[in-house]
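Heavy atoms only: backbone and side chains are in, while hydrogens, waters and symmetry mates are out.
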Amino acid sequence: MMRESSYPLAGLRQRIARIAASGGFESRPAEGWLKSGHASFDDALGGGLAVGRCHEFFAADALDATSAAAFAALLALRTPGRAPLVWLRTSDAGKRSGHIYAPGIAELGGDPDRLLLVETPDAKMLLACANDAIRCAGSAAVIVESWGRFPLFDLTAGRRLALGARDAGTTLLMLRLNAAPAPSVAETRWSVAAAASHALEANAPGAPAFDLELLRWRGGAAGMRWRLDWNHDEQSFSPNAGDTALSGTLLSLPARRAMASHGAEAA
């Protein structure tokens, strides 16, 4: 069962210490790639999302927040082995975007037993927990989820987190929900939105689908876009079943999202 901590900082430190000392999990390499499984997506990024770096995922509004969270979690859970995924969020983010549903993760092919969920009362505690969590080299990745404005996460705080992630070889995924992109030290910055899925036989629900736009990339040009499906059987991302758009093709945003992007709270 997915594990939760009701004593955020102290509990997280104890769990991290046990993980690091147990040797039960394979340490993540300081270099390498967090791969999506979609060959053209990974190749366009030089192999995937760089391990040991900070990556930001933005959702313009509540309608896309679930998609951004699902994409980041499924990507992190693709790492081989049983290394835990540490997911940190504020209680406000939990109220606004909903509880994480372990059976739903299992239904998508992920292992909810690998999730270590910590909910903090405020943004200050969230950053403190994040600074501890990224120094656990035995984790698959660390997700830090916030909602709306996050003024404490300035360039100084971001640089501290990025350096800690790099030194430990821990991949840091920042979920910035209902927020507008702003300058940061992230290796990549993404806009994530829900895409239309395509029904299966007998009108069965289709695979979860995601619209991704690369807003910033320290290693190359931004502006590329993809529409990806999640393949439950392969436990990887694949090209959208009903879309022929290739990376580099710009797709117009629906009017709702375009307006929501302008009206989102500044990061």
Between [atom1] of [X] and [atom2] of [Y], what distance do you get to the nearest 0.5 Å?
X      : Y      : atom1 : atom2 : answer
Ile134 : Thr171 : CD1   : OG1   : 11.0 Å
Leu161 : Leu127 : CG    : CG    : 6.0 Å
Phe58  : Asp64  : CZ    : CG    : 14.0 Å
Glu187 : Glu56  : CD    : CD    : 11.5 Å
Ser40  : Met224 : OG    : CE    : 10.0 Å
Leu214 : Thr188 : CG    : OG1   : 6.5 Å

### Task
Establish whether Leu163 and Leu88 are linked, either directly or via other cluster members, by ILVMFWY side-chain heavy-atom contacts under 4.5 Å.
no
### Query
Would Leu155 end up clustered with Val144 when hydrophobic side chains under 4.5 Å apart are linked, directly or stepwise?
no
Please list every donor-acceptor pair under 3.5 Å in which a side-chain atom of residues 67-78 meets a protein atom from a residue at least two apart or in another chain.
from	atom 1	to	atom 2	distance (Å)
Arg78	NE	Gln235	O	2.9
Arg78	NH1	Lys35	O	2.5

Minimum heavy-atom distance between [X] and [Y], given as atom pair plus value:
X      : Y      : value
Asp211 : Ala194 : OD2-O, 4.3 Å
Arg189 : Ser184 : NH2-OG, 3.0 Å
Arg114 : Ala140 : NH2-CB, 3.6 Å
Val86  : Ala133 : CG1-CB, 4.0 Å
Ser91  : Pro121 : OG-O, 3.7 Å
Ala44  : Trp226 : CB-CZ2, 3.7 Å

### Query
Taking the side chain as C-beta and beyond, is there a heavy-atom pair between His55 and Met174 under 4.5 Å?
no
### Query
Would you find a donor on one side and an acceptor on the other, under 3.5 Å apart, between the side chain of Asp42 and the backbone of Gly37?
yes
### Query
Ignoring hydrogens and geometry, is there a side-chain-to-backbone donor-acceptor pair from Arg218 to Ala186 under 3.5 Å?
yes
### Message
With ring-ring contact (aromatic ring centres under 6.0 Å, His included) as the test, pick out the partner of Phe41 among Phe210, Trp33, Trp190.
### Response
Trp190
### Message
Against Val142, only a single residue in Leu173, Thr170, Asp132 fulfils side chain to side chain contact (heavy atoms under 4.5 Å, CB included); can you say which?
### Response
Thr170
### Message
side-chain contact (heavy atoms from CB on, under 4.5 Å) for Arg89 and Ile143? Distances and angles first, verdict last.
### Response
CA-CA 8 Å; Arg89 64 197 321 218; Ile143 292 178; over 6 Å; no
### Task
Start with the C-alpha gap between Leu126 and Glu145, add the side-chain angles, then the distance that decides, and say whether side-chain contact (heavy atoms from CB on, under 4.5 Å) holds.
CA-CA 9 Å; Leu126 181 68; Glu145 177 187 350; over 6 Å; no
#### Entry: Residues Arg176, Ser146; criterion side-chain contact (heavy atoms from CB on, under 4.5 Å); working and verdict
CA-CA 6 Å; Arg176 304 298 312 281; Ser146 63; 3.3 Å; yes
#### Entry: Modelled atom types, side-chain donor and acceptor of Ser238 and Asp229, under 3.5 Å
no
